[in-house]
Structure formats: C-alpha cells, structure tokens
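Just below is one structure, and these are the notes that go with it.
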Amino acid sequence: MALINLLDFDLDGLAAYCEGLGEKRFRATQLFRWIHQKGAADFGAMTDLAKSLRDKLAGVAEVRPLPVAAEQASADGTIKWLFDVGGGNAVEAVFIPEDDRGTLCVSSQAGCAVGCRFCSTGHQGFSRNLTTGEILAQLWYAEHHLRARLKLAPGERAITNVVMMGMGEPLQNYGALVPALKVMLDDHGYGLSRRRVTVSTSGVVPMMDRLREDCPVALAVSLHAPNDALRDDLVPLNKKYPLAELMAACMRYLEAAPRDFITFEYCMLDGVNDSDEHARQLLALVHGRGEHRVPCKLNLIPFNPFPESGLLRSPRARVLAFAKILQDAGIVTTVRKTRGDDIDAACGQLAGEVQDRTRAAERMKRLPVRVVAAPADARHKPH
Ligand code: SAH
Ligand code: SF4
C-alpha cells in the first residue's frame, strides 16, 4: 500500500488524518511543527511526539521529499533546483536572496496548458498538476537546506517570501494550491504573512474569485497587453476571460482586502507591446472610469528570450520611456531586475523537463511569428 504523504496536508487535514488514527489535534500540531518548522522527516527523531503516534505513523505515512535532479548557483546568489517529479517530468524552484528578504519562486504544475507565446514553460506544453505535497516539498527542501547551508542562527528563516511564479498556472491547479498556501501562512507551518505569499495568474477569473474567499494572499496578474486583440495572441486564456472581465475580477479581489493592491506584470517585448500607444492604453485600462480605478502597481519585466519564441527583449531606453508614461500618470511602476540570468533562472525561463501531453510545442511552431529579427542592440544583456 502506498504511504500517505504528510506534506499533502494543511493543519486541518493533518488533524483529520491523526483523528482517524485515534489521536488528538494537539498531536497533529506537534507533528506539523516537526515537519515544517524543524524540517524533520524521520518520525524517530520527533522526540517529544508520543511514542504511540510515532509507532502508528511508521509504515503507513511518510514525509516525501522530491528528489533533487540538479542544482545551479548563480554568481549573484540565486539558486535554482530541478526536482524530479517522476514519469520523465521535472519542475524548478528558484531562491532569490536580497538584502532584506529571501524569495522562493515555486512551481505549481509540470508544464502549463495556457501556452503564452513568450514563456518557455508554455512552449513545453502541459504534463500534469503537482500535488500539494509536491508544491510544498519545494519550500520544505529549500528552507531547511538553506538554513544549514547559510548557517542561519536557530529561529532564523531563509525564505521570507514565496511567489507562485515558477512553472505552471497556479489557478489551474486550485485544489492542490490552497492547502499549500495555508501551510505557508500557518503559524505552526512557515508563518508567512498574507502579503508575503504571492499567487501569480494569467487571469483565471472564476478561480480569482474563489481565492479571494478561501485564502486571499497577494495577487499578481500577468497582463502583458493593454487590449484584447494583442492579449488574445500573447496570453491565449484571454479569449476565455477577456480584459474587461479580468479587471472586474481584480476589483472584486481587492474588496476582500481593501488596503491591498494588484501587481500587474507586463513582459516587455520588442516591437510587440512596448510602444507609447500601448502605455497609454494600459493607463486607460487600469484607470478605468472613475470609481473603477484598480489600485495597482505595475511591474515591467524585461523579456527573457529563448530561441523558439521568435521574440526579443525591448531595448532599455524603450522600457524606461514606457515606464515614464505610467509613472507620470501616478502609477507606481518598477522595472524588474533580472536575477540568475547566467543559470536561466529568471522569469519565464524555467523549463524543467516535461512530457508534453498537449502537443503545445507543435502548435506553437504553427503560430505566425511576428517578430523574427531585430536590430543587434535589442539583444543586449540584462540590466
Ligand atoms: N502562470 C502564472 C505564473 C507563472 S509565470 C502567470 O503567468 O502569471 C510567472 C511570470 O513570468 C508571469 O508574469 C509570466 O508572464 C512571466 N514570464 C513568462 N515568460 C517570461 C519570459 N520569457 N520573460 C519574462 N517574463 C516571463
Ligand atoms: Fe503558463 Fe504563466 Fe507561462 Fe503563461 S506565463 S504559459 S500562464 S506559466
């Protein structure tokens, strides 16, 4: 019989499981703390846990890590891990250290079915959803591995922020996502505040509404285009949930958290979505009409090129001119620094290894490619 993976449970789930074994909730809390706060996988090492519970767990349950298939460390401190999720699939997680924080970028699926033109994961197609345990195994491993590697003092955390911006569309794996988020937020788990856990979505409108009810963490919305015609082309999900619906869903999301804001992500593609006119359209979109103004920040992402995309990064001067139009209109606009570029760990470069069950790669090849060549200066290095 397959062992139960205890990483699959949030605290309520673990309490229910332990209850089934005839154990009280406080025992489940102890077990949960051993797993997530102390990084223990061996029941024998959980010294203050009743021997009776340890004996019951042995042979029926386990804390199942993901095998690390590869690790790459960048000169800037960024670390990328490739985790083997079986069946020829692998997913990636990236640790990005900064002065005042440590961010882990976590994957939610092996591949992605949305198929955005500018995204390396999208070009790979979709293989399968990760389980809650596989989502959490990335955080569990990274946190406890880094504490030892960085020689952190007891009680010190390596990871202060989690962003669901690795491979996959988290809101297309909703059932597994929510318990994982709950463990991240739980004081007995990773104890991260709601604002330090970000779900990034290409705009799965009904699931944005559910997330607002179930677990209203910080929300990033991948916009990438200011009108439906262009967004249909870049983010195919737009055909199902066009911009007007997406913006209305953003407003509803913020009703649950009035002091929050949405982070709009916008990947700057040379000659595709980066003109002054696009900036003005974007402004009109987020400003809406009067009371429909969406409280937001805008994050411009320099496109991380990969050959199959046929797309190029907007020149730095273009990005700054685009940003200025928005800043002058009072929108907080930042240009994302690319990190871990030497190890292909930046946004949208995560490819892992995926058995494409959707034949996305073939479909993408048939797509008309608009931009095939650009002046040499558009191929400059990250800023
Ligand atoms: N599926 C989710 C989360 C994963 S992608 C989403 O789309 O939001 C995380 C972020 O990386 C998204 O904003 C995505 O649009 C961006 N991205 C994808 N490919 C990129 C690329 N090649 N260069 C820069 N950013 C990219
Ligand atoms: Fe999927 Fe996000 Fe990549 Fe689009 S950008 S293909 S939604 S992972």
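Atoms within a ligand are numbered from 1 in the order they appear, just like the ligands themselves. All heavy atoms count here, side chains included; hydrogens, waters and symmetry mates do not. We number each residue from 1, following the sequence as shown.
- Residue contact check: Cys267 has heavy atoms under 4.0 Å from atoms 23 (N), 24 (C), 25 (N) of ligand 1.
- Protein heavy atom nearest atom 2 (Fe) of ligand 2, with residue, atom name and distance: Gly168 O, 4.4 Å.
- Taking distance alone, with nitrogen or oxygen atoms compared against 3.5 Å, Ser120 stays at or beyond that limit from ligand 1.
- Side-chain atoms of Asn227 and Gln281 form a donor-acceptor pair, as typed in the model, at a separation below 3.5 Å.
- For the ligand labelled ligand 2, residue Ser222 lies outside the 4.0 Å heavy-atom shell.
- Counting heavy atoms closer than 4.0 Å to ligand 1, residue Asn304 contributes atoms from both its backbone and its side chain.
- Close approach to Gly115 involves these atoms of ligand 2, each under 4.0 Å from a residue heavy atom: 6 (S).
- The main-chain N or O of Ile301 is never found under 3.5 Å from a side-chain atom of Glu265 such that the two would form a donor-acceptor pair.
- Residue contacts with ligand 1 for Val114 are absent, since no atom lies close enough (heavy atoms, distance under 4.0 Å).
- By the salt bridge (Lys or Arg N to Asp or Glu O under 4.0 Å) test, Arg195 pairs with Asp260, sequence neighbours left out.
- Of all atoms in ligand 1, numbered sequentially from 1 with element shown, those under 4.0 Å from a heavy atom of Met164 are 3 (C).
- With a cut-off of 2.8 Å, atom 4 (Fe) of ligand 2 has an N, O or S atom of Cys116 in range.
- At a cut-off of 3.5 Å, with distance as the only test, a side-chain donor of Asn299 or Thr334 sits close to an acceptor on the other residue.
- In this structure, the side chains of Lys240 and Val204 stay at 4.5 Å or more apart for every pair of heavy atoms.
- Residue nearest to atom 7 (O) of ligand 1, selected from Pro170, Gly203, Ser222, Cys105: Ser222 (by heavy-atom distance).
- Atom 14 (C) of ligand 1 has its nearest heavy-atom neighbour, among His224, Met165, Glu265, in His224.
- Because the distance cut-off is set at 2.8 Å, Cys119 qualifies as a neighbour of atom 3 (Fe) of ligand 2 through one of its N, O or S atoms.
- In this structure, Val221 and Met208 have side chains that are in contact, with non-hydrogen atoms separated by less than 4.5 Å.
- In terms of protein heavy-atom proximity, atom 1 (Fe) of ligand 2 is closest to Cys112 SG, 2.3 Å.
- A distance-only check finds no donor-acceptor pair linking the side chain of His123 to the backbone of Gly115 [under 3.5 Å].
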After noting the C-alpha distance and the side-chain angles of Lys182 and Asp186, does the key distance pass the salt bridge (charged side-chain N to carboxylate O under 4.0 Å, His left out) rule?
-> CA-CA 6 Å; Lys182 290 194 168 154; Asp186 202 306; over 6 Å; no

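- Those atoms of ligand 2 that come under 4.0 Å of a heavy atom in Ser202, given as number and element, are 7 (S).
- Every atom of ligand 1 is numbered from 1 in the order shown, and the set under 4.0 Å from a heavy atom of Thr201 is 6 (C), 8 (O).
- Residue contacts with ligand 1 do not include Met167, since none of its heavy atoms lies under 4.0 Å from the ligand.
- Below 4.0 Å from some heavy atom of Gly122 lie the following atoms of ligand 2, by number and element: 6 (S).
- Taking the six-membered ring wherever Trp is involved, the centroid distance between the rings of Phe303 and Phe118 does not fall below 6.0 Å.
- Remark: among candidates Gly166, Cys119, Ser200, Cys112, the nearest residue to atom 4 (C) of ligand 1 is Gly166, based on non-hydrogen atoms.
- Counting only N and O atoms by type, the side chains of Glu169 and Ser108 include no donor and acceptor under 3.5 Å apart.
- Between the side chains of Arg33 and Gln30, not a single donor N or O lies within less than 3.5 Å of an accepting N or O.
- For a threshold of 3.5 Å applied to N or O pairs, the pair formed by Gly168 and ligand 1 contains at least one separation below that value.
- Among Ile135, Leu136, Leu66, Val106, the single residue meeting the side chain to side chain contact (heavy atoms under 4.5 Å, CB included) criterion with Leu130 is Ile135.
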